[in-house]
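One structure is given here, and the rest of the page talks about it.
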Amino acid sequence: MSANSIRAAGAVRGRALCPDPHARRWRLLDDAVLRWGEGGALSAVESARAVEGRGDPLPPVTHPGAVWLPGFVDTHVHFPQTQIIGSASGPLLSWLERSVFPEEARFADDAYAARVAERFCEQLLRQGTTSASIYSSSHPGATHALFEALDRRGLRAEAGLTLMDRGAPDALLRPAEEALEACGALADRWHGHDAGRLRFCVTPRFGLSCTPGLLRGAGRLAEERGLWVQTHISENPRELEATAAAFPAARDYLAVYEDLGLLHARTLLAHCVWLSPSEWDRLSAARAAVTHCPDSNLFLGSGQMPLAEALGRAVRVGLGSDVGAGRSFSLRRAAARAYDASRITGADEGPAALLWLATRGGALATGRGGEVGCLAPGYEADLVCVALPPDLEEPAGLSEDERVELLASRLVFCEDWGGVREVRVRGRRAWAATGEGAGEGR
Ligand code: GUN
Ligand code: ZN
């Protein structure tokens, strides 16, 4: 039994931002009580006044001045790049060669991998991330160590061994058959673990590091076992040229994955900076999801994903930190960068809509829309509580939408004014700021 399967019913009270399940909007409850049962699912989300009106006891306000919202969903992050954040050797292909591949080679050492996995999980939690889509290294041992740490820390995640059988130093390459066998064994051990909290995800790095045979085998494995697929696409112009040369029969970058059985409703595509209108149309028709990684795109000078192309086609979009090209584990930071990027690409999304992508949008993009990302009965109690300075005044007479936009702007842009206080997954406390009972697991 996983340590995290020991759970108790509980409740928190305070201001709550509740996402609409489908539209990029929120409802604001000024004084809400959120209750969950032993299984960790929310059983009630209601105003304190309604609780009081029934004569029921009211819990004390959990963190005065703070706001509760669904835990952040990081739809794209690299565990073995935790130690190389800010390694300024870009653009993409030279950064991979000079910074990423040498570091990822160190994950052949299981003990090193286990140490970094612990730090990685701590970083996710301290930024309020409760669910993440994670690339491991190409090593089965490191990937197992990652799952063990995720399990221990109570995080929700999909993670995969990064598939590479060409285009990198030998120490990182694993022949297709051996790699896919290792994926099968990892899926046997971890996929669906703890009632679906952990999932194994088929993770070909990108076309340039996989032969067609490995990509085809990855597609087959995902289909046979109903697994999700995550990969990179169309991030950088030099990468596009090299991919076209490596796959001369493919009509464009998307076709590399499309032709080899990797494009479907369980596919999560990272970056999507340079896709053509035809690629956007086909991606949308396949009901694939995308992960927008604006901070990484800035750091590597890749360009920016045209968010309006995705949202205009009702493509599911989540935000990704993309650590280590992204410089922060914070999805609040990712939302702020997405705002900056949307000014450049002409997408008209404000802070509230981008905060929605960082929570509910990510849940939908990763196939967890029925589980998390809403504060309503039936959804699991994956929660983050973020402090805001008590002396930040709100003008009188604002509408609810205006109040939501103001609160969202503060959450997205004013990170240095207030940090994460507490993080819960299925109701269990997974992280708390120092002095607030971190690790008690209540
Ligand atoms: N493309 C292939 N591998 C990577 C990676 O590790 N990071 C980013 N940003 N892009 C990639
Ligand atoms: Zn990435």
Side-chain angles (χ1 to χ4, degrees), residues 74-107 116 120 132-139 142-143 146 158-169 172-173 201-210 214-215 218 229-243 246-247 253 256-257 262 267-275 289-305 318-329 331 334 337 341 362 365-366:
D74 186 344
T75 54
H76 187 85
V77 59
H78 294 260
F79 140 65
Q81 296 174 17
T82 303
Q83 309 262 124
I84 55 153
I85 292 178
S87 184
S89 58
L92 174 66
L93 298 181
S94 81
W95 173 75
L96 286 173
E97 212 174 291
R98 291 161 61 187
S99 297
V100 173
F101 293 155
E103 174 62 13
E104 292 198 3
R106 298 179 71 189
F107 286 73
V116 177
F120 170 77
S133 301
I134 307 168
Y135 288 57
S136 179
S137 69
S138 53
H139 308 96
T143 310
L146 168 65
E158 37 282 325
L161 176 146
T162 294
L163 295 168
M164 310 173 74
D165 68 345
R166 66 167 167 180
L172 281 176
L173 302 183
C201 184
V202 176
T203 308
R205 176 167 225 128
F206 64 163
L208 285 179
S209 61
C210 300
L214 177 56
L215 291 175
V229 172
Q230 57 182 349
T231 191
H232 297 90
I233 189 168
S234 206
E235 180 175 357
N236 167 285
R238 298 285 86 72
E239 170 209 12
L240 264 65
E241 285 169 17
T243 305
F247 295 88
Y253 202 150
V256 169
Y257 302 138
L262 287 162
T267 302
L268 180 59
L269 295 169
H271 297 289
C272 303
V273 172
W274 301 102
L275 295 180
V290 307
T291 164
H292 180 27
C293 305
D295 191 56
S296 156
N297 292 338
L298 279 169
F299 183 64
L300 295 178
S302 303
Q304 283 298 347
M305 186 184 97
L319 297 186
S321 68
D322 197 16
V323 159
R327 290 154 289 184
S328 167
F329 281 90
L331 266 276
R337 290 288 182 267
T366 55

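Counting starts at 1 for both ligands and their atoms, following the listed order.
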Worksheet item: Phe247 ring centre to Arg166 NZ or CZ under 6.0 Å, with the angle to the axis within 45°?
Response: yes
Item to complete: Take the angle between the ring planes of His76 and Tyr135 and call it parallel below 30°, perpendicular above 60°, tilted in between.
Response: perpendicular
Discussion item. Under 4.0 Å, heavy-atom basis, I'd like to know which part of Leu96 is in contact with ligand 1: side chain, backbone, both or neither.
Written reply: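 Near ligand 1, Leu96 shows its side chain, while the N, CA, C and O stay back.
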[X] neighbourhood, listing ligand 1 atoms whose heavy-atom distance to it stays under 4.0 Å:
X	answer
Phe206	1 (N), 2 (C)
His78	5 (C), 6 (O), 7 (N)
Asp322	8 (C), 9 (N)
His271	9 (N)

Item to complete: Report, as a single number, the protein N, O or S atoms less than 2.8 Å from the Zn ion (ligand 2).
Response: 4
Worksheet item: Can you tell me which residue and heavy atom of the protein come closest to atom 1 (N) of ligand 1, and the distance to 0.1 Å?
Response: His232 CG, 3.5 Å
Item to complete: If you have a sec, work out which protein heavy atom is nearest atom 3 (N) of ligand 1 and how many Å separate them, to one decimal?
Response: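 Nearest protein contact, heavy atoms only, for atom 3 (N) of ligand 1 is Arg205 NE, 2.8 Å.
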Discussion item. Ignoring hydrogens, what is the shortest heavy-atom contact between Ser296 and Glu235? Give both atom names and the distance.
Written reply: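 What the structure gives for the nearest pair is OG-OE2, 4.2 Å.
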Any side-chain heavy-atom pair of [X] and [Y] under 4.5 Å:
X	Y	answer
Asn297	Arg337	no
Glu104	His139	no
Arg106	Val116	no
Thr243	Phe206	no

Discussion item. For the backbone of Thr162 and the side chain of Ser136, can you confirm whether one donor and one acceptor N or O come within less than 3.5 Å of each other?
Written reply: no
Worksheet item: What residues form a side-chain contact (heavy atoms from CB on, under 4.5 Å) with Pro169, not counting sequence neighbours?
Response: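 Counting only residues at least two positions away or on another chain, Pro169 forms a side-chain contact (heavy atoms from CB on, under 4.5 Å) with Phe101, Leu172.
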Worksheet item: Are side-chain N/O atoms of Asn236 and His271 paired as donor and acceptor at under 3.5 Å?
Response: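 The criterion, which ignores hydrogens and geometry beyond distance, is not satisfied for His271 and Asn236.
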Worksheet item: Is there a heavy atom in Gln81 that sits closer than 4.0 Å to ligand 1?
Response: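 For ligand 1, residue contact (heavy atoms, under 4.0 Å) with Gln81 is present.
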Worksheet entry | Gln83, CD: over 12 other non-hydrogen atoms inside 6.0 angstrom |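 Enclosed: over 12 neighbouring heavy atoms sit under 6.0 Å from CD of Gln83.
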Discussion item. Counting only heavy atoms, tell me which of Glu239, Glu235, Glu104 gets closest to atom 8 (C) of ligand 1.
Written reply: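 Nearest heavy atom to atom 8 (C) of ligand 1 lies in Glu235.
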Discussion item. Is there a polar contact between ligand 1 and Trp95, counting only N or O atoms under 3.5 Å apart?
Written reply: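 For ligand 1, there is no N or O atom that lies under 3.5 Å from one belonging to Trp95.
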